[in-house]
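As the structure is a prediction and not an experimental result, all values here were calculated from the model. Order of appearance sets the numbers: ligands from 1, and atoms from 1 within every ligand.
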Amino acid sequence: MNVARSSQPGTSRGRAAQYHRRMDIFRVGGNARLEGEVTVSGAKNSVLKLMAATLLTPGTTTINRAPDILDVSIMSEVLRRLGCQVRFSGGTLTIAVPEDPSTETDYQLVRRMRASIAVLGPLVARWGHAKVALPGGDAIGSRGLDMHVAGLVQLGAQVHSEHGFLIARADRLHGATIRLDFPSVGATENILMAAVLAEGRTVIDNTAREPEIIDLVQFLNKMGAQIEGEGTPTLVVDGVSQLKPVEHDTVPDRIVAGTWAMAAVMTRGDVTVRGATAAHLERVLDLLGASGAMIDTHLTDGRGFRVRMNDRPKSIDVRTLPYPGFPTDLQPMAIALDSIAQGSSIVTENVFEGRFMFTNELIRLGASIQVDGHHAAIRGTERLSSAPVEATDIRAGAGLVLAGLVADGFTDVAHVHHIDRGYPGFEQQLSALGADVRRIHAPDEDYFGPPST
Ligand code: EPU
């Protein structure tokens with residue numbers, strides 16, 4: 001089935017197809033100062049897994065505060081092809097899972113969104129079979145699946161790859177003690193979603209502790225799972241024989257919230273980020289404070305924070321680490337900030353080996369960056385200089401838009417379908433904060449940038 005042809009205009013399904021066809025561009029006006037209020041929706045990296053977890057039981061589950069982003073449309077399509085009915089309206093997803101769904105997910109969808117792999121655990125746990133296309137590498141590194149597979153094998157599944165698919169089978173999974181070599185977000189989630197229906201007790205050690213994992217644990221426990229240890233590196237799961245559909249509010253998107261905080265600092269602005277949980281950004285907000293920002297986390301309604309900046313930011317040294325460390329997903333924005341900061345800095349990437357690729361684009365904007373292995377040395381320059389650049393992934397795209405806001409003239413950021421994957425209405429939200437950002441529907445890949453006049 002062709003996604004574009006099956007899509008309805010005006011629905012999120014229709015939007016997914018439109019975005020996919022167009023090589024849209026953001027034309028970003030420089031010398032910007034962001035001021036005002038912005039509200040964040042639920043986290044992309046939580047909602048996609050909650051959607052996959054609905055497969056663990058027949059019936060209709062409701063997920064509130066879902067972001068209107070391309071990745072939610074793609075995951076909706078993954079679930080539809082498995083036989084589910086998915087509706088998305090006003091931030092609420094309703095997912096009806098049939099008694100007897102399909103267990104196969106094809107390459108066309110998985111290659112567009114790697115998180116599709118999250119259906120592997122639920123499918124094998126509930127139906128004893130899953131056939132999911134292998135995602136392959138992507139623009140931020142090789143991103144293996146060895147820990148996902150090893151965990152499922154320890155739970156009793158037989159897993160092999162064939163013709164580009166990962167195929168997992170099991171009569172009934174059984175509990176096991178599993179230690180992850182690295183606190184992988186995706187492996188923790190897949191193993192957890194499989195273990196909730198396994199027979200007996202599973203102990204998963206050295207798990208990821210991101211707020212999105214806690215959200216998934218709470219969602220699964222609401223469904224009737226028995227998981228203890230949320231927020232710690234050890235999760236203990238007592239398997240149950242069945243689960244029930246539920247209603248749940250997605251955890252706020254800390255990466256989108258952090259992007260607004262960085263944008264406020266870079267543009268010497270004053271932005272109140274509503275609906276966010278400041279505690280999920282402790283390390284980031286501390287560093288922004290060290291760069292000279294004034295940060296207020298005690299807003300009267302208790303949800304969100306305000307970031308104000310009067311001067312040129314001071315440079316910050318950043319080391320990305322699993323939560324509660326500095327998130328790799330905000331590393332491109334940190335480099336963009338350091339590019340215009342006073343002083344020099346070192347940014348160390350410890351999670352994805354390919355995540356410095358986008359620095360070549362930032363250098364085109366006049367940034368002074370030297371990459372050596374997993375370190376980047378940045379010398380701040382007062383103002384960047386506009387040029388056409390390309391987004392290579394969601395976060396690199398957002399980092400380039402932020403850089404464009406503090407360049408002189410207009411910066412065209414191409415391939416914004418990457419940004420559409422994770423930032424709901426990015427250009428509208430930026431405009432509401434006073435930026436001059438327009439989406440240009442580029443005719444095709446031969447677009448050569450803005451006119452020189
Ligand atoms: N890894 C392995 N083997 C595995 C699993 C992971 O080697 O079996 C490696 C990866 O190659 C990577 C590292 O471990 O170098 C971390 O990977 P992890 O599994 O933690 O990340 P992920 O689940 O693939 C999620 C988010 C990413 C986010 C990372 C880290 C989703 C859909 N994606 O990816 O988000 O950067 O966790 O926090 O949840 C983004 O939103 O832009 C994004 C890339």
Are [X] and [Y] ion-paired here, with the side-chain N under 4.0 Å from a carboxylate O?
X	Y	answer
Arg65	Asp249	no
Lys44	Asp253	no
Arg254	Glu212	yes
Asp420	Arg439	yes
Asp393	Arg355	yes

Numbered atoms of ligand 1 (with element) below 4.0 Å of [X], judged on heavy atoms:
X	value
Phe182	13 (C), 14 (O), 16 (C)
Ala115	32 (C)
Gly186	19 (O), 23 (O)
Val351	12 (C), 13 (C), 15 (O), 16 (C)

Which heavy-atom pair separates [X] from [Y] by the least distance, and what is that distance?
X	Y	value
Ala414	Ile25	CA-CG1, 3.9 Å
Pro327	Val284	CD-CG2, 3.6 Å
Leu155	Ile191	CD1-O, 3.9 Å

Can you find an N or O of [X] that's nearer than 3.5 Å to an N or O of ligand 1?
X	result
Ser184	yes
Leu48	no
Asp393	no
Met147	yes
Glu189	no

Do side-chain atoms of Thr250 reach the backbone of Asn64 as a donor and acceptor pair under 3.5 angstrom?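 Yes.
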
Among the heavy atoms of [X], does any lie under 4.0 Å from an atom of ligand 1?
X	value
Arg114	yes
Arg355	yes
Lys49	yes

Return the orientation label for the Phe426 and Phe26 ring planes: parallel under 30°, perpendicular over 60°, tilted otherwise. tilted

Classify the contact between [X] and ligand 1 as side chain, backbone, both or neither, using a heavy-atom distance cut-off of under 4.0 Å.
X	result
Val185	both
Tyr323	neither
Glu353	neither
Lys44	side chain
Thr328	side chain
Ile255	neither

Candidate pair Phe358 and Arg395, rule side-chain contact (heavy atoms from CB on, under 4.5 Å), full reasoning: CA-CA 10 Å; Phe358 87 103; Arg395 311 303 173 186; over 6 Å; no

